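One structure is given here, and the rest of the page talks about it.
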Amino acid sequence: MATTVVNPLREGLRLARTPEPSTIVIFGGSGDLTSRKLMPALYNLALQRLLPATFSIVGAARQPLTDKRYRDELHTAVGEHSRTKPLNEEVWRSFAEHLYFVGTPDERGYDTLGQRLDRLDQDLGTNANRLFYLATPPAAYEPIVKAIGAHGLRGSTGWSRVVIEKPFGRDRESARVLTETIHTVFREDEVFRIDHYLGKETVQNILVMRFANGIFEPLWNRQYVDHVQITVAETIGVEERAGYYEQAGAMRDIVQNHLLQLLALVAMEPPAAFDDKSVRDEKVKVLHALRPVDADRLSDHAIRGQYGRGFVEGVAVPAYREEQGVAKDSRTETYVALKCFVDNWRWEGIPFYMRTGKRLPKRSTEIAIQFRVAPHQVFSREASEGLDPNALVLRIQPDEGVSLKFGAKVPVQGIRIRTVNMDFDYGASFMVDAPDAYETLILDALRGDATLFTRRDEVDQQWAFVDPIIDAWATAPAAPPIYEAGTWGPADADALVTADGRAWRKA
Ligand SMILES: NC(=O)c1ccc[n+]([C@@H]2O[C@H](COP(=O)([O-])OP(=O)(O)OC[C@H]3O[C@@H](n4cnc5c(N)ncnc54)[C@H](OP(=O)(O)O)[C@@H]3O)[C@@H](O)[C@H]2O)c1
């Protein structure tokens with residue numbers, strides 16, 4: 001039985017979100033990201049009738065494929081990876097008619113691509129509105145951007161934009177060079193650097209929680225907040241990504257982009273409006289205010305680790321160095337914990353503890369705002385034994401939602417206080433499946449809304465913060481300490497927090 005066309009948006013809202021007729025060109029159109037994320041997202045946009053009335057999607061890669069083979073392969077991939085199942089064959093058939101593939105193994109390939117794009121424009125009336133999506137290995141970004149410029153792929157009318165996948169550079173310098181190259185073909189307002197975390201509903205909800213409500217913001221500062229904890233915990237190991245991960249490590253893979261973006265959203269000042277300039281101006285101020293980590297006292301602020309053998313969810317797993325494609329003496333970190341400070345009026349002196357790691361006991365991404373304890377203890381110490389500090393926990397994945405933890409009287413004679421949870425659960429409250437982050441972000445890029453994409457100055461500051469730590473670790477005599485898979489990381493990471501009289505939350 002086919003799925004019905006689901007669109008939770010009212011018709012007016014749907015029309016307001018529907019982009020102009022356009023063409024999407026995906027470099028890396030035969031790759032893993034395209035088949036697991038981009039095409040399922042585009043198909044789901046089609047299912048919700050959120051794609052333009054006329055559009056085409058052209059996959060490009062060095063190995064050529066026929067349009068038919070491309071459509072067949074994506075039919076299987078989208079069937080497997082779409083968030084809505086089973087595939088609606090009727091919607092798929094009409095979607096697939098808009099799919100094409102062009103091989104770009106050499107200069108001639110780019111000319112062929114240009115001719116194909118011009119012909120599609122003429123046939124469909126898409127006015128040369130083009131979204132170029134770079135989903136190739138990073139080494140291909142610069143050559144492809146240059147080829148877009150050299151072969152005049154931007155088209156003579158309409159708009160052109162480029163979406164660039166992570167990683168954006170491998171340090172501050174290479175990110176700057178990449179931006180300079182991109183700017184020879186695209187203006188900054190045409191550049192959409194993707195951090196898919198920002199497309200997640202619950203991440204956007206951080207801004208809604210903070211700035212659409214009157215009750216949180218008065219407490220959101222150093223007067224009331226004791227500290228903030230941000231956790232991105234994975235149970236998986238390096239999987240098939242050893243080639244990339246060996247060069248990147250947790251610092252480049254998660255901290256430089258996702259964790260620092262989450263920090264910026266939690267710590268930023270209220271923007272004047274929810275638009276790309278206002279939101280990104282406020283985020284970048286936070287990144288500028290991040291106190292640089294003192295390389296001479298690194299271990300007071302930054303801890304790394306690498307997983308050894310252990311058990312995750314009851315299953316024995318190998319050590320990182322035993323994984324396929326990983327060097328036997330690898331020094332790549334699979335865990336990072338940081339204590340950061342945002343040196344501004346709102347946050348002076350308040351620690352932001354952040355951690356991320358692979359092969360941890362639980363998959364969980366969350367932000368916990370822990371509040372100060374009440375200034376005066378009215379109840380006896382004995383009565384308050386079961387009371388933890390108040391915390392507001394924003395759960396990003398899984399089980400998206402928000403919990404407020406506070407003390408309540410246990411219903412017995414006399415006063416006994418215990419921490420209870422007031423829970424908001426996304427799924428149960430709205431009864432609709434949240435769109436995948438890539439659906440949101442592709443639609444935004446097609447509409448020219450860059451609010452949820454990372455601007456050049458943000459990327460620059462993010463690298464400026466992590467580069468000195470990465471450099472110090474690269475030259476440190478010792479390798480990262482090993483933590484047992486299935487535990488919460490190296491012991492030093494606990495010390496980072498306990499030294500301040502605090503503890504990591506049980507995420
Ligand atoms: N996979 C994920 O879940 C994921 C998540 C986040 C970010 N990313 C990022 O997305 C990018 C792609 O990752 P992936 O996992 O999809 O890689 P992949 O499976 O190795 O696919 C790479 C794709 O790029 C094509 N390609 C390589 N060089 C090219 C060139 N010079 N011109 C045109 N096409 C070229 C490849 O086809 P040919 O070899 O035929 O050219 C293939 O289609 C990477 O930057 C990665 O960091 C991936």
Side-chain angles (χ1 to χ4, degrees), residues 19-29 33-34 38 52 55-61 102 104 107 109-111 113-114 116-118 120-121 126-170 172-196 198-199 257 275-277 279-281 283-284 438 441-463:
E20 294 173 274
S22 39
T23 302
I24 305 170
V25 183
I26 306 179
F27 292 97
L33 181 71
T34 303
L38 306 186
F55 72 97
S56 45
I57 301 170
V58 182
V102 176
T104 50
E107 301 294 314
Y110 282 97
D111 286 334
L113 177 59
R116 192 80 180 259
L117 295 179
D118 290 344
L120 285 167
D121 277 330
T126 37
N127 190 34
N129 292 327
R130 292 174 188 171
L131 183 73
F132 298 97
Y133 199 121
L134 270 50
T136 64
Y141 294 165
E142 291 192 41
I144 291 174
V145 168
K146 286 179 183 163
I148 291 172
H151 294 264
L153 300 189
R154 286 189 56 126
S156 47
T157 54
W159 50 257
S160 283
R161 298 176 193 132
V162 63
V163 180
I164 314 230
E165 263 300 335
K166 78 164 213 188
F168 195 88
R170 59 171 284 108
R172 192 181 202 187
E173 184 53 32
S174 58
R176 284 182 171 179
V177 170
L178 179 53
T179 286
E180 292 312 319
T181 304
I182 294 169
H183 283 181
T184 61
V185 181
F186 296 96
R187 296 188 312 266
E188 178 61 22
D189 64 302
E190 296 172 329
V191 183
F192 289 67
R193 296 175 192 80
I194 204 161
D195 180 333
H196 73 270
L198 296 182
N257 36 61
D275 61 39
D276 55 358
K277 179 166 183 346
V279 171
R280 299 191 298 179
D281 280 354
K283 279 196 294 165
V284 82
Y438 278 98
L441 295 173
I442 292 172
L443 198 59
D444 280 358
L446 283 169
R447 297 175 59 251
D449 180 352
T451 310
L452 301 178
F453 293 81
T454 317
R455 206 166 58 187
R456 71 177 295 184
D457 48 355
E458 292 178 83
V459 173
D460 194 59
Q461 282 308 307
Q462 288 168 194
W463 282 121

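Just so you know, residue 1 is the first one in the sequence shown, and it goes up from there. Note that the structure is predicted; figures quoted are calculated from it, not measured.
- Rounding to the nearest 0.5 Å gives a distance of 6.0 Å between CG of L452 and CG of L198.
- Side-chain contact check for H151 versus L113: every heavy-atom pair is 4.5 Å or farther apart.
- Sorted by first and then second residue, the side-chain hydrogen bond (donor to acceptor under 3.5 Å, both in side chains) pairs involving residues 137-150 (not counting sequence neighbours) are E142-T181.
- T34 places a side-chain N or O within 3.5 Å of a backbone atom of G28 that can act as its donor or acceptor partner.
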Side-chain polar contacts of residues 185-193 - donor-acceptor pairs under 3.5 angstrom, sequence neighbours left out - could you list them?
from, atom 1, to, atom 2, distance (Å)
R187, NE, D189, OD1, 2.8
R187, NH1, E190, OE2, 3.4
R187, NH2, D189, OD2, 3.1
E188, OE1, H183, NE2, 2.7
E188, OE1, R193, NH2, 3.0
E188, OE2, R193, NH1, 2.8
E188, OE2, R456, N, 3.1
E190, OE1, R154, NH1, 2.9
E190, OE1, R187, N, 2.9
E190, OE2, R154, NH2, 2.9
R193, NH1, T454, O, 3.1
R193, NH2, T179, OG1, 3.2

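- With sequence neighbours excluded, the residues forming a side-chain contact (heavy atoms from CB on, under 4.5 Å) with N129 are E20, S22, N127, W159, listed by chain and number.
- Counting heavy atoms from C-beta on, the side chains of I148 and F27 come closer than 4.5 Å.
- For the pair D275 and K277, the salt-bridge criterion is not met [side-chain N within less than 4.0 Å of a carboxylate O].
- A distance of 9.5 Å separates CG of D460 from CD of E173, quoted to the nearest 0.5 Å.
- Distance check: L134 CG to F168 CZ gives 10.0 Å after rounding to the nearest 0.5 Å.
- Of the possible donor and acceptor atoms, one in the side chain of R161 sits under 3.5 Å from a partner among the backbone N and O of L446.
- One finds the CZ atom of R176 at 13.0 Å from the CG atom of L178 (value rounded to the nearest 0.5 Å).
- Taking a cutoff of 4.0 Å between a charged side-chain nitrogen and a carboxylate oxygen, K166 and D195 do not qualify as a salt bridge.
- The two residues V163 and A445 have their closest heavy-atom pair at CG2-CB, 3.9 Å.
- Note that the CG atom of D118 and the OG1 atom of T126 stand 9.5 Å from one another [nearest 0.5 Å].
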Exercise. After noting the C-alpha distance and the side-chain angles of F453 and L441, does the key distance pass the side chain to side chain contact (heavy atoms under 4.5 Å, CB included) rule?
Worked result: CA-CA 8 Å; F453 293 81; L441 295 173; 3.8 Å; yes
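- Using modelled atom types, one finds no donor on one side chain facing an acceptor on the other under 3.5 Å when comparing H196 with E165.
- D121 contributes a side-chain N or O that, together with a main-chain N or O of A128, makes up a donor-acceptor pair within less than 3.5 Å.
- Taking CD1 from I194 and CG from N257, the interatomic distance works out to 12.0 Å, rounded to the nearest 0.5 Å.
- Put simply, the side chain of R130 gets close to the backbone of L153: a donor and an acceptor are under 3.5 Å apart.
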